[in-house]
**Q** 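Could you have a look at this structure, given as structure tokens, before my questions?
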Amino acid sequence: MLKAKITLEDGTILEGISFGSNQSVSGEVVFNTAMTGYTESLTDPSYKGQIMVMTFPLVGNYGVPGDSIDQEMNVFYESNKIHIQGLIVTNYSENYSHWNAKKSLSQWLIENNIPAIHGIDTRALTQKLRESGSMLGKIEIENQVAFSDPNKENLVDLVSTKEVKTYGSGKHKIILVDCGVKNNIIRCLLKHDTTVVKVPWNYDFTKEEYDGLFISNGPGDPEMCTETIKHLEIAINQDKPIFGICLGNQLLGLAAGAKTFKLKYGHRSHNQPVLMVGTNTCFVTSQNHGYAIDIDSLDENWEALFINLNDKTCEGIKHKTKPFFSSQFHPEASGGPVDTEFLFGKFMDEVKKNKK
């Protein structure tokens, strides 16, 4: 058990003990307030380039599940690998207990070359990040590394598929633009008699025949996805239904002429309250993003669909006359909650209506 430290760009240094791979890394330090679902969060491509700080004090107590595959997707993970740069927790539980566990969290992290530290006051660290905003940081164990900003890279290109891949054989063809898609999004779409065709982030889907267009979640600055935005600008001049989630929400907004901005510390939790605009209905949502659409930059053809009740930022948009809408949160949330999974049904209703 080697000593390790997390250093922030403001000079803050916190020391703990390594329980993952003994390598040093740098990235953007962000916090996650979820109480469960660490295997899903660690394999979420939206966390590419980020050092995750878990506020829940006990992590690792239910271990890690095995590699059960269904329709070429891991049943218990959101992708085929861990995407975070590193993990910071307060208390790591070496002894795990769960009917589905096959290995410890430490074993899994070591197998995937991901460093992790325990013995850190993560709630104090989170408080600093809330006050100062997300910061660059580095985990150093056996050697030193320099700070690096992952948001200067096209992270979407690093996590997106490199080839076209088809799931299911239903009667409704959905083009899924993979900007870092989570497995459970594909599962939710397949529940609705669909054939899901997953394509790379920069794939020109405008030349394809399809019944509906889906834009996935993903990491980093949405403005770097220039090719996706260009293709979406063409798609919104047509009438085929469009549904975007997380980064997909931001890309739809950019294609519509709106602007995006970086949030101070992002939204990363399982319990974000979101209001459906024009109603008194509030949903409890799962979120993981660092950017948002500027509501005031939407033109007269678009309007906000959801608003975050904590900071009043935009959580989704919709076109006033065409079947285009999006959500900044995750209606497919695996770890939960699943209060908004009905949005997949709403999207498919538009797909079926448009085919008639």
**Q** Which class fits the ring pair F205 and H231: parallel under 30°, tilted 30 to 60°, perpendicular over 60°?
**A** perpendicular
**Q** Quick check for you: to the nearest 0.5 Å, what is the distance between N202 atom CG and K230 atom NZ?
**A** 9.5 Å
**Q** With a 4.5 Å heavy-atom cut-off, do F329 and H289 have their side chains touching?
**A** no
**Q** Please determine whether a side-chain nitrogen of the Lys or Arg among K3 and E15 lies less than 4.0 Å from a carboxylate oxygen of the Asp or Glu.
**A** no
**Q** Does the pair K355/D211 count as a salt bridge with the N-to-O cut at 4.0 Å?
**A** yes
**Q** Start with the C-alpha distance between Y62 and Y38, add both sets of side-chain angles, then the distance that settles ring-ring contact (aromatic ring centres under 6.0 Å, His included), and finish with yes or no.
**A** CA-CA 10 Å; Y62 57 84; Y38 55 77; 4.3 Å; yes
**Q** To check you understand the geometry: which heavy-atom pair defines the closest contact between T90 and P57, and what is its length?
**A** CB-O, 3.7 Å
**Q** Between atom OG of S26 and atom CD1 of I139, what is the distance when rounded to the nearest 0.5 Å?
**A** 10.0 Å
**Q** What residues form a ring-ring contact (aromatic ring centres under 6.0 Å, His included) with F261, not counting sequence neighbours?
**A** none
**Q** Can we say D349 and K346 salt-bridge, meaning some charged N sits less than 4.0 Å from an Asp/Glu carboxylate O?
**A** no
**Q** Going by atom types only, do N74 and D67 share a side-chain donor-acceptor pair under 3.5 Å?
**A** yes
**Q** Before we go on, tell me: are the rings of F347 and F342 under 6.0 Å apart, centre to centre?
**A** no
**Q** For the atom pair CD1 (I295) and CD1 (I317), what is the distance rounded to the nearest 0.5 Å?
**A** 10.0 Å
**Q** Please determine if E163 and K198 form a salt bridge, counting it only when a charged side-chain N lies under 4.0 Å from a carboxylate O.
**A** no
**Q** Is a salt bridge present between E72 and K165, judged by a nitrogen-to-oxygen distance below 4.0 Å?
**A** yes
**Q** Between Y291 and E223, do the side chains contain an N or O donor and an N or O acceptor separated by less than 3.5 Å?
**A** no
**Q** Do the side chains of D10 and K128 get close enough for a salt bridge, i.e. N-O under 4.0 angstrom?
**A** yes
**Q** Check the side chains of E78 and N183 for a donor-acceptor pair under 3.5 angstrom, ignoring hydrogens and angles.
**A** no
**Q** Just how far is it from atom CG of D311 to atom CG of L263, taken to the nearest 0.5 Å?
**A** 6.5 Å
**Q** Would you say the side chains of W201 and D178 form a donor-acceptor pair under 3.5 Å?
**A** no
**Q** Please step through ring-ring contact (aromatic ring centres under 6.0 Å, His included) for the pair Y47 and H83, ending with a clear verdict.
**A** CA-CA 6 Å; Y47 277 112; H83 287 280; 9.8 Å; no
**Q** Should E303 and K318 count as an ion pair when the cut-off is N to O under 4.0 Å?
**A** yes
**Q** Are the charged groups of K81 and E111 less than 4.0 angstrom apart, N to O?
**A** no
**Q** May I ask you to decide if H172's main-chain N or O and K352's side chain share a donor-acceptor pair within less than 3.5 Å?
**A** no
**Q** Among side-chain atoms of Q272 and E315, is any donor-acceptor pair under 3.5 angstrom?
**A** no
